[in-house]
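In this text, all values refer to a predicted model and were calculated from it rather than measured experimentally. Letters go in sequence order (proteins before strands), and every chain restarts at 1.
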Amino acid sequence: MSDNDNQDQLHAMRHSLAHIMATAIQQLWPASKFGVGPVIDNGFYYDVDLGDTKLSEEDFDKIEVAMSDIIKANLPFERFELPIDEAIQWAKDGGQPYKEELLNDLKRAGTTVAKDLNAEELGTIADGAAQVENVSFYRNGDFTDLCRGPHVESTGKVGAYKLMRVGGVYWRGQDSNPQMQRITGAAFASPKELRVYLDMLAEARKRDHRKLGAELDLFVFSDMVGSGLPLFTPRGTTIRDELSNFTNDMRARYGFQKVWTPHITKKDLYEKSGHWAKFGDELFLVKSQETSDEMVMKPMNCPHHTRIYESQPRSYRDLPVRYMETTTIYRDEKTGELGGLSRVRAVTQDDSHVFCRQDQIETEINNLLACAHELYETVGMKLRVRLSYRDDSDAYLGAVELWEAAQAQLKAAVIANGLDYFEEAGEAAFYGPKIDFMATDAIGREHQVATVQLDFVQPERFELAYTAEDGSKQTPVMIHCALLGSIERFMSVYIEHTAGKFPIWTAPEQVRLISVNQESVTTAFAEEMAQQARDLGLRVVVDNSNESVGKKIRDAELWKVPYTVVVGDKEIASREVIPRIRKDMAVRDDVPAIGIDEFLKTVANEARSRVLMTSL
RNA sequence: GCCGCGAUAGCUCAGUGGUAGAGCACUUCCAUGGUAAGGAAGGGGUCUUGGGUUCAAAUCCCAAUCGUGGCUCCA
């Protein structure tokens, strides 16, 4: 069997499981009204309306037992067709209003996909002109469902599955619609593959940045400060600073200059940029007691940066002008959308804006891609990019020729940098095409982390200009870029990617010194060595506490410290240490003794060169 | 914002109508130790907040806040 055949087979299994689960639910709750039950990554779900019955995970056993009976019965999936009007009657007779709505959409528009349907038409009753003659059904035992298929032959051939969770969803994703319950299951061709998937989820839970953030003392939340507003401890702040210093230094090498802009601004700025109209309800409002100005917390930096650009007349010779600012912006996100560091209301961006001529776009994009490449190589994440193009809709501003040229330039730059890429139409911003970066973490999950965006719209709205060679006024192009994206979000990804085992350069504590006893000569020696390490710019902690050596070693392990050094009489006599190296970064089992000076210099070098593995 | 679930010591959690517990952490003392937990004693909670029901509420009801699983959204 080819990979494609296997994929098709797995798809059919998952889809069949959705039907089997629906069958079980109908047996258990005969009044169930069914929505849709599609295949998703790793499994399937079915949306059901059970009236006042609220499902919980405790009901899963019951459902799984009913499902396994259906699977054991091994009844065939039988396909048949009905004319559309008979199908609608079937839904009416069966008390299935959601199916009836889908069938009406199918009759009128030939599709049930909400986003392809005109909003006013969605769910309205068709008035004749049938787009579809017949629709297909699948029947297994007593359960019949509107379905395009395909399915496996019979209910016995569905592989391994497990019900995972239940949650509230809106019918067709619109909050004006009734709420249903979505039961989601994982499903794979074999129990072994299911096991691998469940193990990955268990590993993901172990690495959850919210859990590690508390265990490793990286950040905290306070009820008095508010939701979505993380407070970073000294350890967490170290990581933030190392990351942002890295992207700042990197961009400085490419000619970016730091700017600084205030965190509040008059609302006028965002009225001009168009953000007030589009995102006004997500801006924090600030009231002045001195003036009548209506102020907002800044939700982004580009409008500010345009003000700096336009503060002087610019010649074509001055371009490109490159600004960078790592700064916090504020967005009043809906409460249900907040979570850990992944989505917060105070977002720190390593933001940059290039103002350049058309003919400079490619070089500038090139530079930013080189930065992204270097950053993600350094953190050890595989990167691929999505080229996000416009489609044929009228959702975009600017001339089509301009777009086509820009899209071609983006693609050329991506290829020139040897980046793994794919193209997708309809994913562009309204003002220009984008390059979106997806990074794969250590357990195979992909995260969107950064974007580079071309912008033709804001330069025009803000009437930005430069004087061209021929003396004419021209409008520059703006390139937005954030490499880490949101530092908070990046940290959530980074913590989970590393499982809290930070490499030397970001480790909040790089070296821990453990004294064997409390003799003053021992503790003084440890302090002296610590000072020597600090003088080399290292982050070092001395553990002179009154605990057994075994206990102190264990603590250092739990804090995931890269290097732990035990000091006692032997070290004082020889001025040599045998560093204990965190397992993930060790390259050999037995580490020989090394002079203290050489050890500390080596570690300092490793921190500077941002290596992932030790050279000891 | 919507639906579901939750909030008890610094952390992880037990207690389901009669006035609060464990492990770890913390403090002190003993032990002075050699690469993942030495021993003993002790301190610590108006049970998130505000209302209500009840003779009596951590426990039942309502609301707020925060968290969490989903949906929707993400310049």
Side-chain angles (χ1 to χ4, degrees), chain A residues 45 47 49 53-58 114 164-184 208 210-211 214-215 217 220-229 270 273-283 298-303 329 331-340 342-345 347 349 351 429-432 434 448 451 453 455 457-458 480 482 485-486 489 512 514-519 522-523 544-559 564-571 577-583 591:
Chain A
Y45 68 77
D47 288 349
D49 180 348
T53 305
K54 296 280 179 254
L55 291 182
S56 73
E57 295 193 7
E58 274 122 57
M164 301 297 288
R165 66 183 87 87
V166 56
V169 298
Y170 300 108
W171 170 238
R172 307 193 110 170
Q174 294 189 349
D175 58 13
S176 51
N177 281 340
Q179 277 226 321
M180 310 183 78
Q181 299 182 72
R182 172 169 301 173
I183 305 113
T184 306
D208 188 318
R210 292 167 297 194
K211 185 169 163 274
E215 282 174 13
D217 190 24
V220 295
F221 289 90
S222 160
D223 284 6
M224 273 196 271
V225 174
S227 81
L229 299 168
Y270 295 108
S273 71
H275 291 100
W276 179 258
K278 201 156 180 209
F279 299 107
D281 56 346
E282 286 179 40
L283 300 189
K298 65 175 174 183
M300 56 184 350
N301 306 302
C302 15
I329 60 172
R331 294 176 183 180
D332 196 0
E333 304 281 5
K334 297 192 167 85
T335 53
E337 288 154 0
L338 301 170
S342 309
R343 192 79 176 264
V344 292
R345 295 198 290 180
V347 181
Q349 294 181 322
D351 207 1
F430 69 91
Y431 48 71
K434 301 190 291 181
Q448 174 157 0
T451 113
Q453 309 180 354
D455 184 353
V457 174
Q458 290 199 61
H480 309 245
S486 144
R489 202 185 122 67
R512 182 173 295 195
I514 291 175
S515 65
V516 168
N517 56 41
Q518 269 64 55
E519 304 287 345
T522 315
T523 56
N544 276 336
S545 65
N546 191 4
E547 294 288 350
S548 66
V549 174
K551 179 66 192 304
K552 291 198 274 191
I553 297 276
R554 179 179 147 84
D555 283 345
E557 288 281 349
L558 293 176
W559 283 98
T564 303
V565 173
V566 177
V567 297
D569 294 344
K570 282 187 280 186
E571 288 74 18
V577 294
I578 301 175
R580 186 186 169 95
I581 299 171
R582 201 180 60 207
K583 265 211 304 291
V591 182

Engineer: Within the 4.0 Å limit for protein heavy atoms, which parts of nucleotides 37-43 of chain B are touched? Write it as a string from 5' to 3', B for base, S for sugar-phosphate only, - for none.
Structural biologist: BS-----
Engineer: Indicate yes or no for a side-chain donor-acceptor contact from A:R512 to the backbone of A:T564 under 3.5 Å, with no hydrogens or angles considered.
Structural biologist: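 It does not hold such a pair.
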Engineer: Under a 3.5 Å cut-off for both contacts, is B:U12 paired Watson-Crick or G-U wobble with anything, and if yes, with which nucleotide?
Structural biologist: B:A22
Engineer: Given atom CH2 of A:W559 and atom P of B:C11, what is their separation to the nearest angstrom?
Structural biologist: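 My rounded result for the distance is 13 Å.
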Engineer: Just one of A:R582, A:R580, A:K583 clears the side chain to side chain donor-acceptor pair (under 3.5 Å) bar with A:E557, so which one?
Structural biologist: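 Of A:R582, A:R580, A:K583, side chain to side chain donor-acceptor pair (under 3.5 Å) with A:E557 is met by A:R580 alone.
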Engineer: Can you tell me the pairing partner of B:C74 across any strand shown, Watson-Crick or G-U wobble, with both distances under 3.5 angstrom?
Structural biologist: none
Engineer: Looking at A:L55, is its backbone amide N or carbonyl O close enough to the side chain of A:Q181 to form a donor-acceptor pair, meaning the two atoms are under 3.5 Å apart?
Structural biologist: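 It does hold such a pair.
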Engineer: Grab the CD-P distance between A:E519 and B:U32 for me, whole Å please.
Structural biologist: 10 Å
Engineer: Who are the side-chain hydrogen bond (donor to acceptor under 3.5 Å, both in side chains) partners of A:E282, not counting sequence neighbours?
Structural biologist: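 In terms of side-chain hydrogen bond (donor to acceptor under 3.5 Å, both in side chains), with neighbours along the sequence ignored, A:E282 is linked to no residue.
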Engineer: Start with the C-alpha gap between A:R343 and A:S486, add the side-chain angles, then the distance that decides, and say whether side-chain contact (heavy atoms from CB on, under 4.5 Å) holds.
Structural biologist: CA-CA 9 Å; A:R343 192 79 176 264; A:S486 144; over 6 Å; no
Engineer: Taking syn as a glycosidic torsion within 90° of 0 and anything else as anti, which one is B:U59?
Structural biologist: anti
Engineer: How close or far is atom C1' of B:G1 from atom CG of A:N177, stated in whole angstroms?
Structural biologist: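 In whole Å, B:G1 C1' lies 15 Å from A:N177 CG.
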Engineer: What distance separates A:D281 CG from A:K334 NZ, expressed to the nearest 0.5 Å?
Structural biologist: 6.0 Å
Engineer: If I take atom CD in residue A:Q181 and atom C1' in nucleotide B:C2, what distance separates them, rounded to the nearest angstrom?
Structural biologist: 14 Å
Engineer: Once you apply a heavy-atom cut-off of 4.0 Å, does A:E571 come out as touching a base, just sugar-phosphate, or nothing?
Structural biologist: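 Base, at least one base atom sits under 4.0 Å.
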Engineer: Taking only residues two or more places apart in sequence, or in another chain, which ones meet A:Y170 in a side chain to side chain contact (heavy atoms under 4.5 Å, CB included)?
Structural biologist: A:D175, A:Q179
Engineer: Can you tell me if A:S545 and A:E547 form a side-chain donor-acceptor pair at under 3.5 Å?
Structural biologist: no
Engineer: What is the pairing partner of B:C60, taking Watson-Crick or G-U wobble pairs with both distances under 3.5 Å in any strand?
Structural biologist: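 The answer is B:G52, by the H-bond criterion.
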Engineer: Taking side-chain hydrogen bond (donor to acceptor under 3.5 Å, both in side chains) as the test, write out the residues that go with A:R489, two or more places apart.
Structural biologist: none
Engineer: Under a 3.5 Å limit for both distances, which nucleotide forms a Watson-Crick or G-U wobble pair with B:G69, could you say?
Structural biologist: B:C3
Engineer: So, A:Y270 side chain and A:M300 main chain: donor-acceptor pair closer than 3.5 Å or not?
Structural biologist: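 At least one qualifying donor-acceptor pair exists.
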Engineer: Distance from A:Q458 atom CD to A:H275 atom NE2, nearest 0.5 Å?
Structural biologist: 5.0 Å
Engineer: Tell me the partner of B:A40, counting only Watson-Crick (N1-N3 plus N6-O4 or O6-N4) or G-U wobble (N1-O2 and O6-N3) with both under 3.5 Å; none if nothing fits.
Structural biologist: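 Looking at the geometry, B:A40 pairs with B:U28.
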Engineer: Could I get a table of every N or O pair under 3.5 Å where one atom is in the protein and the other is in nucleotides 7-9 of chain B?
Structural biologist:
none

Engineer: How does protein contact run along nucleotides 65-75 of chain B, one letter per nucleotide 5' to 3', with B for base contact, S for sugar-phosphate only, - for none, heavy atoms under 4.0 Å?
Structural biologist: -SSSBBBBBBB
Engineer: Any strand counts, and the cut-off is 3.5 Å on both contacts for Watson-Crick or G-U wobble. Which nucleotide pairs with B:U35?
Structural biologist: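 Its partner: none found.
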